[in-house]
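In listed order, ligands and their atoms are each counted from 1. Quick note: residue numbers are just sequence positions, from 1.
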Amino acid sequence: MKVLEAKFVQGFIRMCNDGWEQGWHERNGGNLTYRMKKEEAESIKAELRTDSVWKEIGTSVPKLAGEFFLVTGSGKYFRNVMLDPEDSIAVVEIDGKGECYRICWGLVNGGRPTSELPSHLMNHEVKMQATGGKHRVIYHAHTTNVIALTFVLPLEDEVFTRELWEMATECPVVFPDGIGVVGWMVPGGRDIAVATSELMKKYDVAIWAHHGMFASGEDFDLTFGLMHTVEKSAEILVKMLSMRPDKLQTITPQNFRDLAVDFQVTLPERFLYEK
Ligand code: 2HA
Ligand code: ZN
């Protein structure tokens, strides 16, 4: 099968465009990676190169040895992915040790996989283990309202989780485990990758202060939907805080406990503190 005709490739391209249309991908902002199923990699094998050079990932992901990923390119614009996918995205293979990658398809005009490859791959490794292989998508976006909130809320998992849960009833059902937050760090390197992947052991979402968000999920719909839900809730919080700094009424800790029973989710008590 042609790479561009494969359903997972079309889903990937559509998600890039969805993110662009949301306004989360100014210039070359954001990145997306997908861990391919064995049969998906097999289905496009005829079109994959095996002669490109192995390059260092910049970190070690031994559990991802031999996996194939679909990734956005460094310096590439989400805005262009739909128009020219072969220029903007790539299929990469991880070597037998989990230390190097090589480009097997795409980036036809040159370039490298996303600058956040270390963070993406470390998150993939953690989430693959934590979910028994179910999670396949890692998505990084520059979500406007979440970024704005990192200037005015304490950078604590409990505060972000609780405030975002309160802004929309669906939130505790969509992300019952909560949200992690890392303070400002230099992007692109191993340190921020380690900090983010630590949070991903507990959560499906991590916020990078003054930068954006990382989300993990099983497929494109769930992962985009998660990012969208968190950012929508952040938008409501920004609007609420702009109208008046205090709430006249809200969803209470007991309301959350009642919701948890009916929707059969476990909401950790550490997020249901008295204010
Ligand atoms: O430019 O979003 O974090 C890509 C990025 C880096
Ligand atoms: Zn970024």
Salt-bridge criterion met for [X] and [Y] (N-O under 4.0 Å):
X    : Y    : answer
E40  : K7   : no
D177 : K202 : no
E166 : K275 : yes

Return a yes/no value for [X]: is any of its N or O atoms, backbone included, closer than 3.5 angstrom to an N or O of ligand 1?
X    : answer
G30  : yes
H140 : yes
S115 : no

Quiz item: Is there a heavy atom in R27 that sits closer than 4.0 Å to ligand 1?
Solution: no
Self-check item: Residue N31 vicinity, atoms of ligand 1 by number, heavy atom under 4.0 Å
Solution: 2 (O), 4 (C), 5 (C)
Practice problem: Give the numbers and elements of all ligand 1 atoms closer than 4.0 Å to a heavy atom of E116. | Solution: 3 (O), 6 (C)
Once the angle between the rings of [X] and [Y] is folded into 0 to 90°, is it parallel (under 30°), tilted (30 to 60°) or perpendicular (over 60°)?
X    : Y    : result
W24  : Y139 : tilted
H140 : H142 : perpendicular
W208 : H211 : perpendicular

Quiz item: How many degrees, to 10°, between H211 NE2 and H142 NE2 as seen from the Zn ion (ligand 2)?
Solution: 100°
Quiz item: Does the ring centre of F69 sit less than 6.0 Å away from the ring centre of H124?
Solution: yes
Quiz prompt | Atom of H140 closest to the Zn ion (ligand 2), considering N, O or S atoms | solution = NE2
Practice problem: Could you find the nearest protein heavy atom to atom 1 (O) of ligand 1 and give me its residue, atom name and distance? | Solution: N28 O, 3.1 Å
